[in-house]
Amino acid sequence: MTTPGTGTSGSSLQAILFIVTDGVKDKKATSCACTMINLSGFSRCIQPFNTTMCTAIKSPQH
């Protein structure tokens with residue numbers, strides 16, 4: 001990944017990332033800190049989306 005620019009010109013493009021989500025993380029799991037549901041024989045963990053995963057993307061090095 002190249003270093004993003006300021007977005008003030010065509011040669012200094014600003015990096016933009018869109019995350020489109022309903023804000024809920026839904027995954028197969030055997031345990032969960034939040035709600036567990038059973039759907040078609042599979043245990044699912046339903047919990048809020050963890051935004052700390054975005055820290056590396058937001059850092060100035062990216």
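Please read all numbers here as calculations on a predicted model, not as lab measurements. Along the sequence shown, residues carry numbers from 1.
The list of side chain to side chain donor-acceptor pair (under 3.5 Å) pairs with a residue in residues 7-20, not counting sequence neighbours, reads T6-T8, T6-S12, S9-S11.
Less than 2.5 Å separates the SG atom of C45 from that of C32.
Counting all heavy atoms, side chain and backbone alike, A33 lies closest to Q47 at N-OE1, 4.4 Å. Among all heavy-atom pairs drawn from M36 and S43, the shortest one is CE-CB, 3.5 Å.
At a threshold of 4.5 Å between non-hydrogen side-chain atoms, the residues K28 and R44 count as touching.
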